[in-house]
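Note sheet for the following structure.
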Amino acid sequence: DASVDIGTRFLPNTCAGRTPAITDQNATVDSMRNINTFSFIYINTHGYVDNVGNVEISTGEVSTVASQKAHEFDIQMGWVKWATAPDQNDYLTLTPQFFRYYGRHGFPNSIVFVSACESLGANGLPLNTTLSDTFLSNGGATFLGWNNSVHTAFTYAVSEQLYSTFTNMSLAASARTIGVTFDSLPSGRVDTPAPGQAIDAQLYLLGDRNRTLCKTSQLTYTLTPLPM
């Protein structure tokens with residue numbers, strides 16, 4: 001996976017701390033419960049705004065009778081749901097309330113990058129901050145996310161550019177900040193109902209614009225499958 005390659009090339013060799021890479025089917029609901037123990041959090045997955053206006057993101061855990069039973073409490077609370085992905089499998093999804101509850105003890109001034117469609121909503125401004133607020137209102141320093149849908153290949157290209165800049169220790173600290181907005185090429189969802197519909201996807205940064213990646217002592221790199 002291209003995202004794994006980005007993480008293994010840039011993060012472990014340039015920053016202090018541990019860098020666990022949780023990929024594909026290992027990116028389960030349980031793996032996300034201790035997310036607030038990390039100072040840098042990268043989540044590359046599917047995302048969407050649900051029918052009540054909350055941003056949800058997918059795990060790599062397939063929704064089955066057994067997995068729903070295992071997470072019965074979270075499902076009853078409305079923290080875990082499920083949705084059909086473009087590969088036609090149902091995966092368990094996480095709501096903002098999931099991160100609010102399991103991160104209730106606070107985030108350690110974390111940088112959070114949710115590289116997923118609609119992680120900051122859709123259709124332009126105002127941004128949908130239902131997900132980002134759960135981090136920024138509870139100790140998170142910075143949140144990066146996409147407004148609208150974005151092609152997988154473009155997210156990889158942006159992520160590589162961000163990481164190579166953040167972790168380039170030959171640059172002055174001021175040149176390694178993340179106060180940058182990227183505007184993608186026109187793109188559309190894999191499951192866009194209208195063929196050829198163009199969506200202008202933009203990457204936004206909320207919170208502290210002067211954070212540098214290598215100020216952090218612990219890093220995590222989490223992703224689930226994305227279709228090419």
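What you see is a predicted model; the values in this text were computed from it and never measured. Along the sequence shown, residues are numbered consecutively beginning with 1.
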Any side-chain heavy-atom pair of [X] and [Y] under 4.5 Å:
{"X": "Asn34", "Y": "Tyr102", "value": "no"}
{"X": "Val29", "Y": "Phe98", "value": "yes"}
{"X": "Ser115", "Y": "Tyr42", "value": "yes"}
{"X": "Asp50", "Y": "Lys81", "value": "yes"}
{"X": "Trp82", "Y": "Ile75", "value": "yes"}
{"X": "Thr95", "Y": "Asn54", "value": "no"}
{"X": "Ser63", "Y": "Gln68", "value": "yes"}
{"X": "Ile57", "Y": "Leu131", "value": "yes"}

Just jot down the side-chain hydrogen bond (donor to acceptor under 3.5 Å, both in side chains) partners of [X], sequence neighbours excluded, or say none.
{"X": "Ser137", "value": "none"}
{"X": "Asn26", "value": "none"}
{"X": "Ser132", "value": "none"}

Can a donor-acceptor pair be found, under 3.5 Å and without considering hydrogens, that links the side chain of [X] to the backbone of [Y]?
{"X": "Thr59", "Y": "Leu92", "value": "yes"}
{"X": "Asn128", "Y": "Val49", "value": "no"}
{"X": "Gln97", "Y": "Trp79", "value": "no"}

Enter the distance from [X]:[atom1] to [Y]:[atom2] here, rounded to the nearest 0.5 Å.
{"X": "Tyr48", "Y": "Glu56", "atom1": "OH", "atom2": "CD", "value": "3.5 Å"}
{"X": "Arg104", "Y": "Asn138", "atom1": "CZ", "atom2": "CG", "value": "10.5 Å"}
{"X": "Tyr91", "Y": "Ser58", "atom1": "OH", "atom2": "OG", "value": "7.5 Å"}
{"X": "Ile43", "Y": "Leu144", "atom1": "CD1", "atom2": "CG", "value": "12.0 Å"}
{"X": "Leu136", "Y": "Phe107", "atom1": "CG", "atom2": "CZ", "value": "10.0 Å"}
{"X": "Tyr204", "Y": "Leu120", "atom1": "OH", "atom2": "CG", "value": "9.0 Å"}

query: Tell me the salt bridge (charged side-chain N to carboxylate O under 4.0 Å, His left out) pairs involving residues 126-155, sequence neighbours left out?
result: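 Salt bridge (charged side-chain N to carboxylate O under 4.0 Å, His left out) check on residues 126-155 returns no pairs.
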query: Between Val114 and Val112, does a side-chain contact (heavy atoms from CB on, under 4.5 Å) hold up when you go through it step by step?
result: CA-CA 6 Å; Val114 179; Val112 182; 4.0 Å; yes
How close do [X] and [Y] get, heavy atom to heavy atom, and via which atoms?
{"X": "Ser119", "Y": "Gly145", "result": "OG-CA, 3.2 Å"}
{"X": "Pro108", "Y": "Asn36", "result": "CD-O, 3.2 Å"}
{"X": "Thr130", "Y": "Val55", "result": "OG1-N, 3.0 Å"}

- prompt: Taking the inter-plane angle between the rings of Phe99 and Phe135 on a 0 to 90° scale, is it parallel (under 30°), tilted (30 to 60°) or perpendicular (over 60°)?
  reply: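 Judged by the thresholds at 30° and 60°, the geometry between Phe99 and Phe135 is tilted.
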task: Output all residues satisfying side-chain contact (heavy atoms from CB on, under 4.5 Å) with Asp30, sequence neighbours left out; order by chain, then residue number.
output: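 Residues passing side-chain contact (heavy atoms from CB on, under 4.5 Å) with Asp30: Thr28, Arg33, His71.
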- request: Quick one: do Leu94 and Val80 satisfy side-chain contact (heavy atoms from CB on, under 4.5 Å)? Show the steps, please.
  value: CA-CA 5 Å; Leu94 307 178; Val80 171; 4.0 Å; yes
query: Among all residues two or more places apart in sequence or in another chain, which pass the salt bridge (charged side-chain N to carboxylate O under 4.0 Å, His left out) test with Asp90?
result: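 Here no residue qualifies.
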message: For a side-chain contact (heavy atoms from CB on, under 4.5 Å) check, start with the C-alpha distance between Cys117 and His46, then their side-chain angles and the critical distance, and finish with the verdict.
response: CA-CA 6 Å; Cys117 290; His46 294 293; over 6 Å; no
